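Everything on this sheet refers to the single structure shown next.
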Amino acid sequence: MQGLFEALQKKGSESLLLGLNCAIEADPDLHAHMKSLAGKRLELRFPAIPSGEFSVHWSLAADGLLHDLSAGVSRASVEPVDVSLVLTPAFFSGAGMRGVRIEGDASVAEQLSPLMALMKSRVAPLQQAFEASPLPDIVKRAASYVSDEAQLVVNASQMAAHQQELRELRNAIDRFEKRLDLYAASH
């Protein structure tokens, strides 16, 4: 399963890079701006995904396009970056740059704001479609049914109650064993 998820991450990273480069080339002002950042390295990190953390490492080339630094390279061997942009869920839900945690060189991050605006404009329609979709509501209802109505899955309060009952049973058994030991010692 992990191999499948890694393949999906790789394909997603490649698609994101290709899409951003096409959009950069299509906007002459942005393309010229990105050329001025040649040689800068950046990391784009998505910490809030089910498998943990996903990140991509890019460098800005003299041609103004992004180039993948992490393809076929282990994360530990990727060279340090000038700036890390950590995209929190708030970034995709309308908070804009307030949903981005910036680590590293703040001036480089500020110069990357047109790229961030481009990314947000490309992602926003997908996010709006997901929010308008009935899928999140269906998932909530299914989870509620499975845990509450059908009781196929134990919820947190049921687990806590069960653990408390086990502790009480363990204490009662310990008390009973001590009584047996006292009775055996007296007879």
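Predicted model only: the values in this text are computed from it and were never measured.
- Interatomic distance, Glu43 CD to Ser59 OG, rounded to the nearest 0.5 Å: 13.5 Å.
- Using a distance-only test at 3.5 Å, with no hydrogens or angles considered, no donor-acceptor pair links the side chain of Asp105 to the main chain of Asp82.
- His31 contributes atom NE2, which lies 5.5 Å from atom CG of Asp63 (distance to the nearest 0.5 angstrom).
- When all heavy atoms of Asp68 and His57 are compared, the pair lying nearest together is OD1-O, 3.2 Å.
- In this structure, Met34 CE and Asn21 CG are separated by 8.5 Å, a value rounded to the nearest 0.5 Å.
- Enclosure of atom CZ in Arg179 is not indicated, since only 12 or fewer non-hydrogen atoms of other residues, nucleotides or ligands lie within 6.0 angstrom.
- Annotation: side chain of Val86 is in contact with side chain of Glu103 (closest heavy-atom distance under 4.5 Å).
- Ala38 and Ala61 make their closest contact through CB-O, 3.7 Å (heavy atoms, listed as atom of the first residue, atom of the second, distance).
- Val81 is not listed as a side-chain neighbour of Leu42, based on a closest heavy-atom distance of 4.5 Å or more.
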Worked check of side chain to side chain contact (heavy atoms under 4.5 Å, CB included) between Val83 and Lys40
CA-CA 8 Å; Val83 67; Lys40 300 296 181 188; over 6 Å; no

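- Residues Ile24 and Leu115 are in side-chain contact: their nearest non-hydrogen atoms beyond the backbone lie under 4.5 Å apart.
- Closest approach of Arg45 to Ser84, counting heavy atoms only: NH2-CB, 3.6 Å.
- Within the 4.5 Å cutoff, the side chain of Ile173 has heavy atoms near those of the Glu177 side chain.
- Atom CD of Gln164 and atom CD of Glu168 lie 4.5 Å apart (nearest 0.5 Å).
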| query | Which is it for Leu20 and Leu65 under the side chain to side chain contact (heavy atoms under 4.5 Å, CB included) test, yes or no, and what are the steps along the way? | reply | CA-CA 8 Å; Leu20 287 173; Leu65 300 179; over 6 Å; no

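- The shortest distance between side-chain heavy atoms of Val56 and Leu17 does not fall below 4.5 Å.
- Atom CG of residue Asp181 and atom NZ of residue Lys178 lie 9.5 Å apart, to the nearest 0.5 angstrom.
- Within 6.0 Å of NE2 on His162 lie no more than 12 heavy atoms contributed by other residues, nucleotides or ligands.
- Within a 6.0 Å radius of CD in Gln158, other residues, nucleotides and ligands contribute more than 12 heavy atoms.
- Nearest heavy atoms, Arg41 versus Pro80: CD-O, 3.4 Å.
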